[in-house]
Colleague: 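Structure incoming, see below.
Starting from 1, each residue takes its place in the sequence as its number.
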Amino acid sequence: MTTYTITLQNCAFFARHGVHDEEEFLGQRFFVDAELDVVAGEALESDSINDTVNYGIAFTVIEQIVTGKRRYLIEALALDIAKGLCETFPQIRRAKITVRKPNAPVPGVLDFVQVSIEHFA
């Protein structure tokens, strides 16, 4: 079996996730990376977008989930993204999703908080 990996890197969205009320009120940008291991099937031979993961549609799936309902934990957000992508594209065998939150409410200076999960379909 042949597999390949499609990566969407640093997708940015404005959303209102977090535990604190001000995170919901103010909102902030979230950044998502999606690493998708795909069973090749006919895609490499057919050279058809219909036989692979269309990354334009994948981006839209991620966007709809991130900008949809509020989640308290970015861990839950990452899992929902992975599951949504696997449901949309049955040829995905593994989805590794990373969510970065640059404005996490912490008592100090940091670049971002990041969570990565792997979901196997």
Side-chain angles (χ1 to χ4, degrees):
M1 172 174 42
T2 302
T3 62
Y4 55 94
T5 302
I6 294 175
T7 303
L8 288 83
Q9 191 76 39
N10 218 31
C11 306
F13 309 101
F14 183 85
R16 299 178 185 279
H17 306 294
V19 175
H20 303 287
D21 291 338
E22 65 267 17
E23 293 177 292
E24 181 179 20
F25 179 72
L26 297 172
Q28 62 183 290
R29 286 179 29 173
F30 290 83
F31 297 89
V32 177
D33 302 335
E35 183 178 292
L36 310 172
D37 291 344
V38 180
V39 173
E42 298 179 16
L44 301 179
E45 303 266 341
S46 71
D47 196 29
S48 171
I49 191 75
N50 297 321
D51 294 329
T52 189
V53 172
N54 179 323
Y55 45 82
I57 294 172
F59 182 91
T60 300
V61 169
I62 296 168
E63 179 179 38
Q64 289 172 345
I65 294 168
V66 174
T67 61
K69 75 173 186 175
R70 177 184 181 195
R71 289 153 184 93
Y72 293 113
L73 303 177
I74 59 175
E75 295 91 323
L77 177 60
L79 182 59
D80 286 349
I81 294 168
K83 287 180 174 180
L85 287 167
C86 289
E87 289 170 6
T88 303
F89 300 102
Q91 61 269 57
I92 295 175
R93 291 295 168 249
R94 180 189 70 101
K96 180 179 179 183
I97 306 299
T98 300
V99 177
R100 283 182 299 288
K101 183 177 183 175
N103 297 314
V106 298
V109 178
L110 58 86
D111 286 339
F112 51 81
V113 172
Q114 173 175 299
V115 171
S116 296
I117 62 106
E118 286 186 77
H119 177 72
F120 296 88

Colleague: Ignoring hydrogens, what is the shortest heavy-atom contact between M1 and V39? Give both atom names and the distance.
Modeller: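 Looking at all heavy atoms of both residues, the closest pair is SD-CG2, 3.7 Å.
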
Colleague: To the nearest 0.5 Å, what is the distance between CG on L73 and CD on E75?
Modeller: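 L73 atom CG to E75 atom CD measures 5.0 Å (nearest 0.5 Å).
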
Colleague: Suppose clustering is done on Ile, Leu, Val, Met, Phe, Trp and Tyr with side-chain heavy atoms closer than 4.5 Å. Which residues sit in the same group as V109?
Modeller: none

Colleague: Side chains of Q114 and T98: closer than 4.5 Å at any heavy-atom pair?
Modeller: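 Answer yes - side chains close enough.
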
Colleague: Donor-acceptor pair, distance only, cut-off 3.5 Å: does the side chain of R94 make one with the backbone of L36?
Modeller: no

Colleague: Are the side chains of L44 and T2 in contact, using a 4.5 Å heavy-atom criterion?
Modeller: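 They are in contact (side-chain heavy atoms under 4.5 Å apart), so the answer is yes.
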
Colleague: More than 12 heavy atoms of other residues, nucleotides or ligands under 6.0 Å from CZ of R29: yes or no?
Modeller: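 Counting neighbours around CZ of R29, 12 or fewer heavy atoms of other residues, nucleotides or ligands fall under 6.0 Å, so no.
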
Colleague: So, for I92 and L85, which heavy atoms are closest and what is the spacing to 0.1 Å?
Modeller: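 Nearest heavy atoms, I92 then L85: CD1-O, 3.6 Å.
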
Colleague: Hey, are the side chains of I57 and F89 touching, using non-hydrogen atoms and a 4.5 Å cut-off?
Modeller: yes

Colleague: Given side chains that start at C-beta, do those of V32 and I81 come closer than 4.5 Å, heavy atoms only?
Modeller: yes

Colleague: Drop me the distance from E63's CD to C11's SG, to the nearest 0.5 angstrom.
Modeller: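 E63 atom CD to C11 atom SG measures 9.5 Å (nearest 0.5 Å).
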
Colleague: Which atom names give the shortest non-hydrogen contact between A104 and Q28, and what distance separates them?
Modeller: N-OE1, 4.1 Å

Colleague: Classify the side-chain pair Y4/T52 by whether it contains a donor and acceptor separated by less than 3.5 Å.
Modeller: yes

Colleague: State, yes or no, whether a side-chain contact exists between K96 and S116 at a heavy-atom distance under 4.5 Å.
Modeller: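 With C-beta onward as the side chain, the pair touches.
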
Colleague: Within this structure, what is the CD1-CD1 distance for the pair I117 and I97, rounded to the nearest 0.5 Å?
Modeller: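 Rounded to the nearest 0.5 Å, the CD1-CD1 separation comes to 6.0 Å.
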
Colleague: Could you check if a side-chain atom of F13 sits within less than 4.5 angstrom of a side-chain atom of I62, using non-hydrogen atoms only?
Modeller: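 F13 vs I62: side chains touch.
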
Colleague: Do you know the tightest heavy-atom contact between F31 and P102?
Modeller: CE1-CG, 3.5 Å

Colleague: When you look at S46 and D51, which way does the side chain to side chain donor-acceptor pair (under 3.5 Å) test go after all the steps?
Modeller: CA-CA 8 Å; S46 71; D51 294 329; 2.5 Å; yes

Colleague: Around atom CZ of F120, are there more than 12 heavy atoms from other residues, nucleotides or ligands closer than 6.0 Å?
Modeller: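 For F120, atom CZ is crowded (more than 12 foreign heavy atoms under 6.0 Å).
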
Colleague: Check whether any side-chain N or O of R70 sits under 3.5 Å from a backbone N or O of T67 as a donor-acceptor pair, and report yes or no.
Modeller: no

Colleague: Below 4.5 Å, heavy atoms only, C-beta onward: do R71 and I65 meet side chain to side chain?
Modeller: yes

Colleague: Going from OG1 on T3 to CD on Q91, what distance comes out if it is rounded to the nearest 0.5 angstrom?
Modeller: 12.5 Å

Colleague: Quick one: do Y55 and V61 end up in the same hydrophobic cluster if we chain Ile, Leu, Val, Met, Phe, Trp and Tyr together by side-chain heavy atoms under 4.5 Å apart?
Modeller: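 Per the 4.5 Å side-chain linkage, Y55 and V61 are co-clustered.
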
Colleague: For residues L8 and D33, determine if any side-chain heavy atom of one lies less than 4.5 Å from a side-chain heavy atom of the other.
Modeller: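 No; the side chains remain at least 4.5 Å from each other.
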
Colleague: Counting only heavy atoms from other residues, nucleotides and ligands, does the tally under 6.0 Å from CZ of F14 exceed 12?
Modeller: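 Buried by this count: over 12 neighbours within 6.0 Å.
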
Colleague: Please check if any side-chain donor atom of N10 sits under 3.5 Å from a side-chain acceptor atom of R100, or the reverse.
Modeller: yes

Colleague: Under 30°, 30 to 60°, or over 60°: which ring-plane class applies to H17 and F30, parallel, tilted or perpendicular?
Modeller: perpendicular

Colleague: Under a single-linkage definition using a 4.5 Å side-chain heavy-atom cutoff for Ile, Leu, Val, Met, Phe, Trp and Tyr, are V106 and V99 assigned to the same hydrophobic cluster?
Modeller: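 Yes.
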
Colleague: Are any side-chain N or O atoms of S48 and backbone N or O atoms of N50, one a donor and one an acceptor, separated by less than 3.5 Å?
Modeller: yes

Colleague: If two hydrophobic side chains count as joined below 4.5 Å and joins carry through other members, does V115 share a cluster with L110?
Modeller: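 Cluster IDs for V115 and L110 match.
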
Colleague: Identify the heavy atoms of T7 and E35 that sit nearest to each other, and give their distance.
Modeller: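 What the structure gives for the nearest pair is OG1-CG, 4.1 Å.
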
Colleague: Using only heavy-atom distances, determine whether the side chains of D37 and T5 contain a donor-acceptor pair under 3.5 Å.
Modeller: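 T5 and D37 do have a side-chain donor-acceptor pair below 3.5 Å.
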
